[in-house]
Amino acid sequence: MDLQAKKVALRKIPHGIYVVGLKQGDQLNAFTATWLTQVSFTPPLVAMGVKKDSHSLEMIKAGRVFTVNLLGKDQKSVAEHFVKPASVVGEKLSGVPHRLGKTGAPILEQALAYVECEVREVANDGGDHALVIGEVVEAGVHRDEPALTLMDTGWHYGG
Ligand SMILES: Cc1cc2nc3c(=O)[nH]c(=O)nc-3n(C[C@H](O)[C@H](O)[C@H](O)COP(=O)(O)O)c2cc1C
């Protein structure tokens with residue numbers, strides 16, 4: 001395979017940028033994700049790729065819920081904050097206004113919109129990211145504006 005072509009081609013897949021909120025017992029966390037898409041209308045399902053050695057994947061497997069927070073075009077700094085590993089920076093949500101949704105997972109007050117999900121499946125034995133499938137059980141819109149995308153940030157995750 002032409003590895004450079006693989007990288008260039010895969011990086012042309014358009015992606016959003018999201019802050020995924022998690023809850024396990026009374027512990028909360030959130031991380032920045034881009035590998036996320038809708039994969040079913042009925043029931044409404046979303047799928048995302050979650051790094052296997054991340055703290056977040058452990059929380060997803062144990063807590064079985066997550067939120068997907070969409071950001072505005074001027075909120076790259078919010079995504080930047082949640083890129084930091086929980087193991088290094090500790091409690092990422094302290095100082096970031098949030099509330100708990102009906103699943104108990106955190107919703108960012110500054111998000112444009114959000115969905116709340118219950119985990120239905122965790123798969124992908126072979127890959128370095130697990131495939132997490134969640135059913136959307138609640139949603140809300142704070143501001144109906146265009147959402148921040150990976151391309152807006154100038155960052156890459158993929159290839
Ligand atoms: C632009 C960008 C996109 C990212 N997308 C994902 C993603 O889709 N899935 C993932 O598991 N990690 C993704 N990450 C990495 C996580 O944000 C990072 O590993 C984070 O530290 C995990 O947080 P945790 O330690 O709280 O689990 C991305 C990072 C960047 C910079």
Side-chain angles (χ1 to χ4, degrees), residues 6-40 45-101 103-136 146-159:
K6 174 195 63 100
K7 183 161 99 178
V8 171
L10 285 174
R11 286 184 174 184
K12 288 192 184 301
I13 298 174
H15 285 100
I17 191 108
Y18 314 95
V19 176
V20 175
L22 307 166
K23 175 190 165 67
Q24 178 194 352
D26 48 17
Q27 190 195 348
L28 300 178
N29 190 36
F31 74 104
T32 297
T34 193
W35 288 352
L36 191 148
T37 191
Q38 182 168 2
V39 290
S40 168
L45 299 177
V46 295
M48 65 177 171
V50 184
K51 213 158 73 160
K52 284 195 176 158
D53 60 2
S54 66
H55 180 58
S56 294
L57 184 60
E58 285 172 35
M59 289 188 71
I60 285 169
K61 285 178 171 171
R64 311 296 295 178
V65 292
F66 62 93
T67 56
V68 180
N69 294 271
L70 289 105
L71 302 172
K73 292 286 186 193
D74 60 349
Q75 291 180 311
K76 178 178 172 180
S77 60
V78 181
E80 204 160 7
H81 176 75
F82 287 102
V83 160
K84 295 165 195 158
S87 56
V88 175
V89 295
E91 180 45 75
K92 281 184 261 184
L93 280 159
S94 71
V96 179
H98 62 277
R99 66 180 188 276
L100 305 186
T103 57
I107 295 165
L108 301 190
E109 299 288 5
Q110 59 198 325
L112 289 187
Y114 64 89
V115 293
E116 290 189 63
C117 300
E118 291 175 355
V119 174
R120 293 287 177 250
E121 216 172 309
V122 179
N124 194 13
D125 284 345
D128 54 16
H129 283 56
L131 171 67
V132 175
I133 297 180
E135 180 170 346
V136 175
L148 186 68
T149 67
L150 186 62
M151 188 179 275
D152 293 329
T153 65
W155 299 334
H156 290 294
Y157 194 82

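Just so you know, ligand 1 is whichever comes first in the structure, and atom 1 is the first atom listed for that ligand. What you see is a predicted model, and the numbers here were worked out from it, not measured in a lab.
Shortest non-hydrogen contact noted between K92 and F82 is NZ-O, 3.4 Å. Residues G21 and N69 come closest through the heavy atom pair N-ND2, 4.1 Å. Of all the heavy atoms in P106 and L28, the pair that sits closest is CD-CD2, 4.1 Å. The shortest heavy-atom contact between A147 and L70 is CB-CD2, 4.1 Å. Scanning both residues, L112 and L71, for their nearest heavy atoms gives CD1-O, 3.5 Å. Listed here is the closest heavy atom pair of T103 and C117: CG2-O, 4.1 Å.
If you look at Y157 and H129, their ring centroids are closer than 6.0 Å.
Considering backbone and side-chain atoms alike, W155 places every N or O at 3.5 Å or more from each N or O of ligand 1. By the 3.5 Å distance cut-off applied to N or O atoms, L150 is not counted among the residues near ligand 1. Taking only nitrogen or oxygen atoms, main chain and side chain alike, P85 reaches within less than 3.5 Å of ligand 1.
With atom 18 (C) of ligand 1 as the reference point, the heavy atom nearest to it among V83, T34, V89, T153 is part of V83.
When only non-hydrogen protein atoms are considered, atom 25 (O) of ligand 1 lies nearest to A86 N, 2.8 Å. Nearest to atom 6 (C) of ligand 1 among the protein's heavy atoms is Y157 CE2, 3.3 Å. Scanning the protein for heavy atoms near atom 22 (C) of ligand 1, the closest one is F31 CB, 3.8 Å. Among protein heavy atoms, atom 17 (O) of ligand 1 sits closest to T32 O, 2.8 Å.
Within the structure, ligand 1 lacks V20 among the residues with a heavy atom less than 4.0 angstrom away. Remark: distances from the non-hydrogen atoms of K92 to ligand 1 include one below 4.0 Å.
The ligand atoms of ligand 1 that sit less than 4.0 angstrom from a heavy atom of G49 are 7 (C), 8 (O), 9 (N), 10 (C), 11 (O). Atom numbering of ligand 1 starts at 1 in the shown order; those under 4.0 Å from a heavy atom of A33 are 5 (N), 6 (C), 7 (C), 8 (O). Less than 4.0 angstrom separates some heavy atom of V50 from each of these atoms of ligand 1: 11 (O). Near S56, with a cut-off below 4.0 Å to any heavy atom, the atoms of ligand 1 are 24 (P), 26 (O), 27 (O). Within ligand 1, counting atoms from 1 as listed, the ones closer than 4.0 Å to a heavy atom of K51 are 10 (C), 11 (O), 19 (O). Short contacts between ligand 1 and S54, defined as distances under 4.0 Å to a heavy atom of the residue, involve ligand atoms 27 (O). Proximity to W35 (heavy-atom distance under 4.0 Å) selects the following atoms of ligand 1: 8 (O).
Remark: D152 does not engage K76 in a salt bridge, criterion side-chain N to carboxylate O under 4.0 Å.
With Q75 contributing its side chain and Q110 its backbone, the two residues share a donor-acceptor pair below 3.5 Å. Side-chain N or O atoms of T32 include one that pairs as donor or acceptor with a backbone N or O of A79 at under 3.5 Å.
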Counting only pairs under 3.5 Å, give me each side-chain donor-acceptor contact of residues 46-62, with atom names and distances, residues two or more places apart or in other chains.
unit_1	atom_1	unit_2	atom_2	d
K52	NZ	N124	O	2.7
K52	NZ	D125	O	2.9
K52	NZ	G127	O	2.6
S54	OG	K51	O	2.7
S54	OG	L57	N	3.2
H55	NE2	Q27	NE2	2.7
S56	OG	N29	ND2	3.3

